[in-house]
Structures are given as C-alpha cells and as structure tokens.
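Structure, as structure tokens:
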Amino acid sequence: MTSTVIYDGDLRTVATHLHSGSFIETDAPMDNQGKGQRFSPSDLVATALGSCMLTIMGIKARDLNVDIKGVKIEIQKIMKSEPRRIGGINLTFHFPEETDLNEKQRAILERAAHTCPVIYSINPDIELNIVFGWKSLA
C-alpha cells in the first residue's frame, strides 16, 4: 500500500504516507461547503502536477549537471460544474535570476517536464496552460 486516508469529520481528511509517516490534511473548499483551511483534494491534483513536473526536471537537470534550485511554479486550478470537476490547470514557472541555462538545456528541461507521470494521468478534457518563464538570454 501507498497510503491511508481517514475521514476526520467536518469535511476534513488525513492522508498518511505509509513509508515515511508524513501526512497531508485536506478540507473541502469554501465553494463546496468547506472551510478551505487546507488543500482540497482537487487542489492536490493540480499541485501534484506541478510537483511532478519539477521532480522530473530536477532529475534531468542533475543528469545535465545544472542547478534549478529555487524554481517556483504558480498553479491555478479552474473548476467546472455539472459535473463538478477540474476544468483547467494553469502553471507558470518562475526561474531565479541565477538560473543560467542555454537554449538547448532549457528545451531539454521543458520536454522532460512534459513527460512526468502525472501529466500523462490527467484527463485530456482538462485544459493545461503551461508557461515557462525563463529569464532572457544575454
């Protein structure tokens, strides 16, 4: 098994990663009868996509012997209704000033990001908008 999830009442769950014992609490979002005090389950889907993309980029960056530490992704999840579902995810990558990569390295990392397992697991009906905000090359 990978994890367990326990309903903690009041629209909150606690998910525990069995190997490490780390945990994540979720709340229903405010627009769906919740308090919105934690990630919602659908927030975690969008966030997992960003985390997965950065992880695969990190593996490739290590192979290329380049440093991408400090890269940040702003993630926006867009909900649809009838049925209630994730309709879109916007991801904007922000690279620190000191991230010094050439065009080829950038292309390799972008391509790697698009091969993460989560992106392949996202329903094709979910519109993905991915922007890599590289700093200008000198």
Rounded at 0.5 Å granularity, tell me how far CG in N65 sits from CZ in R62.
11.0 Å
Quick check: are there more than 12 heavy atoms from other residues, nucleotides or ligands sitting under 6.0 Å from CG of D100?
no
To the nearest 0.5 angstrom, please state how far the CD1 atom of I108 sits from the NZ atom of K104.
5.5 Å
Name each donor-acceptor pair under 3.5 Å that joins a side chain in residues 71-80 to protein atoms two or more places apart or in another chain, with its distance.
from: E74; atom 1: OE1; to: H94; atom 2: NE2; distance (Å): 3.3
from: Q76; atom 1: OE1; to: N90; atom 2: ND2; distance (Å): 2.7
from: K77; atom 1: NZ; to: S40; atom 2: OG; distance (Å): 3.4
from: K77; atom 1: NZ; to: S42; atom 2: OG; distance (Å): 2.8
from: K77; atom 1: NZ; to: D43; atom 2: OD1; distance (Å): 2.7

Test C116 against L54 for side chain to side chain contact (heavy atoms under 4.5 Å, CB included), laying out the working first.
CA-CA 9 Å; C116 88; L54 277 179; over 6 Å; no
Min side-chain heavy-atom separation R12-D10 under 4.5 Å
no
For the residue pair L18 and T2, establish whether any side-chain heavy-atom pair is separated by less than 4.5 Å.
no
Determine whether I89 and I126 make a side-chain contact, defined as any pair of heavy atoms from C-beta on separated by less than 4.5 Å.
yes
Heavy-atom side-chain proximity of I24 to L44 below 4.5 angstrom
yes
Would you say CG of N123 has more than 12 non-hydrogen atoms from neighbouring residues, nucleotides or ligands within 6.0 angstrom?
yes
Hey, any chance Y7 and F23 share a hydrophobic cluster, counting ILVMFWY side chains that come within less than 4.5 Å of each other, even indirectly?
no
Verdict with reasoning, R106 to N102, per side chain to side chain contact (heavy atoms under 4.5 Å, CB included):
CA-CA 6 Å; R106 291 176 180 194; N102 62 41; over 6 Å; no
Co-membership, hydrophobic cluster, residues I56 and W134, 4.5 Å side-chain
no
Tell me if the CZ atom of F39 is crowded by more than 12 foreign heavy atoms within 6.0 Å.
no
Hey, could you give me the CE/NE2 distance between M57 and H114, rounded to the nearest 0.5 Å?
10.0 Å
So how far is it from E110 CD to L101 CG, rounded to the nearest 0.5 Å?
10.5 Å
Under the side chain to side chain contact (heavy atoms under 4.5 Å, CB included) criterion, do V45 and I122 qualify, and how do the steps go?
CA-CA 9 Å; V45 171; I122 298 276; 4.0 Å; yes
Side-chain ion pair, D27 and K35, N-O less than 4.0 Å:
no
Decide yes or no for L64 and L109: does some side-chain heavy atom of the first lie under 4.5 Å from some side-chain heavy atom of the second?
yes
Atom pair CE (M30) and CD (Q33), whose distance is rounded to the nearest 0.5 Å
13.0 Å
Which atom names give the shortest non-hydrogen contact between G50 and L91, and what distance separates them?
CA-CD2, 3.8 Å
Student check: side-chain heavy atoms of D8 and T13 closer than 4.5 Å
no
Please determine whether residues L128 and I86 belong to a single hydrophobic cluster, defined as Ile, Leu, Val, Met, Phe, Trp and Tyr linked transitively by side-chain heavy-atom distances below 4.5 Å.
yes
Nearest heavy atoms of G21 and T16, plus distance in Å
O-CG2, 4.0 Å
Angle class for the F132/F93 ring planes (parallel below 30°, perpendicular above 60°, tilted otherwise)?
parallel
Does atom CD of E98 have more than 12 heavy-atom neighbours, drawn from other residues, nucleotides or ligands, at distances under 6.0 Å?
yes
Shortest non-hydrogen separation from K60 to A112 and the atoms involved:
CB-CB, 3.9 Å
Under 6.0 Å from the CD atom of Q37, do we count more than 12 heavy atoms belonging to anything else shown?
yes
Can you check whether P96 reaches I68 side chain to side chain, under 4.5 Å on heavy atoms?
no
E97 side, atom CD; T99 side, atom OG1 - distance, nearest 0.5 Å:
8.5 Å
